[in-house]
Amino acid sequence: MPGTNDARGWHPRTLVVDNYDSYTYNLVALLTDAARAHYSSSIYDGGYCGGAETSMEEAERRAREHIIVIRNDEYSWATVRDSILPHVDNIVISPGPGTPARRADVGVSRDIIAHTEEDGRPVLGVCLGHQMIAHEFGAKVEQSVVPVHGQTSTIDVVDDSCLFRGIPNGFRAVRYHSLTVTRMSSNLRVLARASGTVEHAGRMVVSTDVMGIRHNTLPLWGVQFHPESVCSEHGAQLLANFSHLTRMAMGRTHVLRIPPHVQSMSVQARDQRVWERKPTEPRFNLVARRVELQGAVDAGAKAFAHLHGDDWAPLWLDASDNSGMSVLASSARAATVRYSVHSQQVRVVRATGPNIEDELFVQALSEPFWTWMQRIVDDTQCVDSVGPAFRCGWIGHFAYEMKDDGCGDRGSANEVDAQLTFVDRCVVVEPGCAWVLALVQRTVDVEHEWLDQACGFTSTSEAEAWVHTQTQRVVKALDLDVPDPEPLHVQMRPLMDRATYLDAILAAQQLIAQGESYEICLTNEFRAAIDPGLSSARQAYMHMRQNNPAPFGAFIWDSHNQSGILSCSPERFQRTRVNSETEIEMKPIKGTSRREPRPLSSNEFDEWLVEDERRKHELLNSIKERAENLMIVDLIRHDLNTISHSVCVERLMHIESFARVHQMVTTVRARALSGMVECLAHCFPPGSMTGAPKTRTTQIISQLENRRRGVYSGVLGYFSVHGRSDWAVVIRTAVVADGRMSVGTGGALTILSDPKAEWAEVETKLHATMSDSVSP
């Protein structure tokens with residue numbers, strides 16, 4: 001685009017170097033917001049393009065054309081120097097795990113800082129980036145006596161002439177760091193320090209770490225705190241100041257953009273190419289009938305018992321706490337997709353009887369399963385219709401090991417890491433009503449012939465007949481009683497005993513103290529013998545749902561492998577709704593307190609209520625628990641910001657109570673132009689089950705746990721045929737196979753964690769899952 005000499009139209013082009021952090025894209029969002037605001041005002045005051053009418057979408061596009069993100073190890077210094085730097089005005093070095101002294105942790109970030117004198121472009125380092133500047137120019141960076149992760153501190157501004165201009169002294173900012181600058185060099189000067197106290201080792205201690213620095217003569221600035229955190233103040237102003245400092249250093253007034261060939265080198269551009277989608281026509285029509293329930297109690301359980309009591313392949317998404325929607329379906333004679341990360345092979349089968357399957361399709365993928373599945377979901381949508389949130393579609397799970405999709409060298413070829421069944425007929429129970437639903441094919445697919453073979457009725461009359469019959473059965477089911485489940489008693493044994501688990505906690509905390517992670521979600525697995533087969537698994541689930549009702553319960557039985565998922569999950573991972581944009585909601589849980597069962601006697605209720613409220617208040621105000629929650633909230637914001645142009649924390653850290661536990665929950669919403677599978681993939685695996693930064697921390701988890709997590713820590717839910725999805729984190733869940741029941745449980749570890757308290761939390765969550773069925 002032609003340049004203009006009007007300085008109002010100028011905004012710096014920024015290179016962001018990502019050091020494999022889980023907060024980088026929150027910085028990118030701040031930068032994008034600033035550029036968007038700049039171009040919006042320039043558009044409407046005529047300063048940018050002579051007063052031409054331009055949409056806000058145009059401002060958004062221009063803003064994104066001014067930012068490029070690369071990872072610290074994907075290009076050599078020569079490539080960055082010769083091909084990227086000539087087309088940007090400043091550089092932001094992101095936070096990240098590790099130490100500034102280790103080349104593998106910082107990559108090309110070190111070269112950029114080291115060559116600032118000859119290059120001349122201003123550099124802002126955040127956290128690890130700040131430590132790199134200090135290390136490169138002679139300051140001493142060491143482990144802090146008081147590591148701080150997820151806590152807010154008061155920041156005292158020592159010099160407000162540049163980076164902190166206009167920011168009030170004593171503002172609050174979030175810190176995530178174990179290393180700190182302990183001795184300054186003559187090349188650098190301090191701009192800001194922490195003041196006040198933070199929690200450490202069970203007490204409040206004074207912290208005065210260096211929080212901001214600059215080089216005396218070169219355009220280098222660093223901040224130890226995280227201006228991009230949702231709980232930090234004045235982050236936008238700090239980046240605006242960096243933009244102003246860039247203009248002063250570079251002397252630019254011409255409006256320039258990052259050329260397309262340079263933009264194509266960015267992480268964002270490559271991601272867009274991977275997820276490129278083609279328009280598709282709706283494949284199905286929906287036949288639907290609504291049934292009034294007229295105050296029926298636990299209608300979902302009654303309908304399941306009547307409709308699927310003898311089903312050898314039941315699929316039940318069960319809002320057992322009656323808070324939402326339950327889906328009653330079957331994988332019998334339905335198309336089921338299975339995928340193995342190890343072999344990178346996708347198989348589509350149809351179960352025609354117990355232990356009998358027809359193979360419909362097999363392919364070794366040359367792309368991630370996620371992108372393949374996005375095309376399949378796009379190709380199995382229906383015409384606009386009226387109905388519940390789920391109107392048929394794909395139900396199943398993604399195991400935790402799907403985080404390694406594309407590596408090709410993890411796990412076993414026999415392991416199923418993703419399994420989704422296409423439900424083309426079902427009953428959906430909501431509070432006050434039920435829906436009976438069936439899909440009818442309306443198009444033929446040449447590319448995916450197996451979809452025509454196994455998905456949907458071939459005629460409307462057949463679908464209507466099925467809906468009519470099922471409606472009568474649902475009405476009849478409301479008059480039936482569901483017997484109480486038989487008692488379940490199992491002897492569960494941990495894979496890591498108490499002593500081993502406590503040692504793993506200490507090892508994790510040592511890695512946190514070394515700067516390798518901010519938070520590590522360590523888990524254990526408990527196992528017990530159980531009678532093999534569907535009948536015992538069904539009884540076990542009915543016992544679990546009675547004692548621990550949850551909004552995202554599930555009972556899914558795989559008849560071929562004789563295995564099942566029995567879940568009482570309280571945690572929504574991600575819900576999406578596709579209209580002109582995709583609306584996304586995520587509700588991470590971090591922070592747990594044991595809850596005693598509500599007493600049956602009214603004489604004991606008042607005392608119980610006082611104690612219950614005390615525990616809720618203690619959880620809500622715990623510095624440790626709030627820090628854990630905040631770290632995952634900022635991680636989720638980062639994940640969403642990789643695909644979204646609008647991320648909002650709607651409700652930060654509130655308490656939700658369940659039968660056996662209180663939980664600290666945050667609600668995050670976003671809008672994007674991505675498909676349902678793409679949204680899920682960009683946020684997977686759940687940050688509440690990994691910790692942060694996600695990439696380094698999952699590597700640490702693999703070393704500490706030395707086992708597959710499998711379904712546990714993954715997600716379970718659905719992609720509906722009308723652009724809706726809802727996925728839960730697989731916690732409070734038992735997996736049964738080969739006469740064995742496995743229950744995963746664990747917790748987030750930070751530098752503040754007390755190992756004995758963490759083991760107690762593991763036991764709390766185990767009992768929340770299995771209730772009084774657990775024997776020592």
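By convention here, the first residue in the shown sequence is residue 1.
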Exercise. Side chains of Leu620 and His617: does their closest heavy-atom pair fall under 4.5 Å?
Worked result: no
ring-ring contact (aromatic ring centres under 6.0 Å, His included) with Trp727: of Phe573, Phe398, Trp394, only one passes, and it is Phe398
Query - Under 3.5 Å side-chain donor-acceptor pair for Gln510 and Glu516 - result: no
Correct closest heavy-atom pair for Ser753 and Gln509 would be O-NE2, 2.8 Å
From the list Phe390, Phe552, Trp316, ring-ring contact (aromatic ring centres under 6.0 Å, His included) partner of Tyr718 resolves to Phe390
| query | Taking the six-membered ring where the residue is Trp, are the ring centres of Tyr23 and His638 under 6.0 Å apart? | reply | no
On a heavy-atom basis, the closest approach of Leu317 and Ala554 is CD2-CB, 4.1 Å
For Ala659 and Asn547 the tightest heavy-atom approach is CB-O, 4.0 Å
Test item: Ser326 side-chain N/O and Ala319 main-chain N/O as donor-acceptor pair under 3.5 Å: yes
Hits for salt bridge (charged side-chain N to carboxylate O under 4.0 Å, His left out) against Glu628, two or more places apart or cross-chain, chain-then-number order -> Lys624
Check your understanding: Within a strict 4.5 Å, meaning less than it, do heavy atoms of the Leu502 and Leu506 side chains meet?
Key -> no
In short, Ile584 meets Gln574 closest at the heavy-atom pair CG2-CG, 3.7 Å
Practice problem: Output yes when Glu415 and Arg708 qualify as a salt bridge under the 4.0 Å nitrogen-oxygen rule, no when they do not. | Solution: yes
*Any sub-3.5 Å donor-acceptor pair from Glu199's side-chain atoms to Met204's backbone N or O?*
no
Discussion item. Tell me whether Thr667 contacts the main-chain N or O of Glu650 through its side chain, where contact means a donor paired with an acceptor under 3.5 Å.
Written reply: no
With sequence neighbours left out, the residues meeting side-chain hydrogen bond (donor to acceptor under 3.5 Å, both in side chains) with Glu228 are His226
Here the salt bridge (charged side-chain N to carboxylate O under 4.0 Å, His left out) pairs for residues 670-687, sequence neighbours left out, are Glu581-Arg671
Sorted by chain and number, sequence neighbours left out, ring-ring contact (aromatic ring centres under 6.0 Å, His included) with Tyr712 holds for none
May I ask you to decide if Glu625's main-chain N or O and Ser622's side chain share a donor-acceptor pair within less than 3.5 Å?
yes
Is it the case that the side chains of His149 and Ser178 hold a donor-acceptor pair, with the cut-off being a distance below 3.5 Å and no angle test?
yes
Value for CG (Leu716) from CD1 (Ile731), rounded to nearest 0.5 Å, stands at 12.0 Å
### Query
So, are Lys587 and Glu656 salt-bridged, with charged N and O less than 4.0 Å apart?
yes
* **His654 side-chain N/O to Val665 backbone N/O, donor-acceptor pair under 3.5 Å** => yes
(message) Between Arg615 (side chain only) and Arg594 (backbone N and O only), is there a donor and an acceptor less than 3.5 Å apart?
(response) yes
Residues Asp639 and Tyr25: side-chain donor-acceptor under 3.5 angstrom: no
Original post:
Just by modelled atom types, is the Arg527 backbone N or O under 3.5 Å from a matching donor or acceptor in the Ser742 side chain?
Top reply: no
CG of Asn524 to NZ of Lys765, rounded to nearest 0.5 Å, is 12.0 Å
Open item on the list: Pair Arg707, Thr523 - check side chain to side chain donor-acceptor pair (under 3.5 Å), show working.
Closed with: CA-CA 10 Å; Arg707 76 176 201 280; Thr523 72; 3.0 Å; yes
Side chains of Arg175 and Val198, heavy atoms from C-beta outward: is any pair under 4.5 Å? yes
- Query: Does atom CG of Asn706 have more than 12 heavy-atom neighbours, drawn from other residues, nucleotides or ligands, at distances under 6.0 Å?
  - Reply: no
Note: Leu179 and Ala513 closest approach over all heavy atoms is CD2-O, 4.3 Å
Please evaluate residues Asn641 and Ser644 with respect to the criterion side chain to side chain donor-acceptor pair (under 3.5 Å), reporting the C-alpha separation (whole Å), side-chain torsions for both, the decisive distance (0.1 Å), and the verdict. CA-CA 5 Å; Asn641 273 316; Ser644 173; 5.3 Å; no
Shortest non-hydrogen pair, Leu619 vs Gly591, comes out as CD1-C, 3.8 Å
Sequence neighbours excluded, the answer for side-chain hydrogen bond (donor to acceptor under 3.5 Å, both in side chains) partners of Thr582 is none
Exercise for the section: Please check if the side chain of Gln419 supplies one atom and the backbone of Arg338 the other of a donor-acceptor pair under 3.5 Å. Expected result: no
Rounding to 0.5 Å, atoms CG (Leu635) and OH (Tyr518) come to a distance of 10.0 Å
Do the rings of Tyr339 and Phe369 sit parallel, tilted or perpendicular, given the 30° and 60° boundaries?
parallel
Run the salt-bridge test on Arg572 and Glu585 with the 4.0 Å N-O cut-off and return the result as yes or no. yes
Check: Backbone N or O of Lys590 within a donor-acceptor pair of the Asn629 side chain at under 3.5 Å?
Finding: yes
**Study point:** Asp404 versus His342, side-chain donor and acceptor atoms under 3.5 Å
**Key:** no
Residues passing the side-chain hydrogen bond (donor to acceptor under 3.5 Å, both in side chains) test with Asp105, sequence neighbours excluded, are Arg102, Arg696
**OP:** Examine distances only and state if a side-chain atom of Lys694 and a backbone atom of Cys683 form a donor-acceptor pair shorter than 3.5 Å.
**Re:** yes
>> Ring of Tyr400, cation from Arg709 - is the NZ or CZ under 6.0 Å from the centre and inside 45° of the axis?
In response: yes
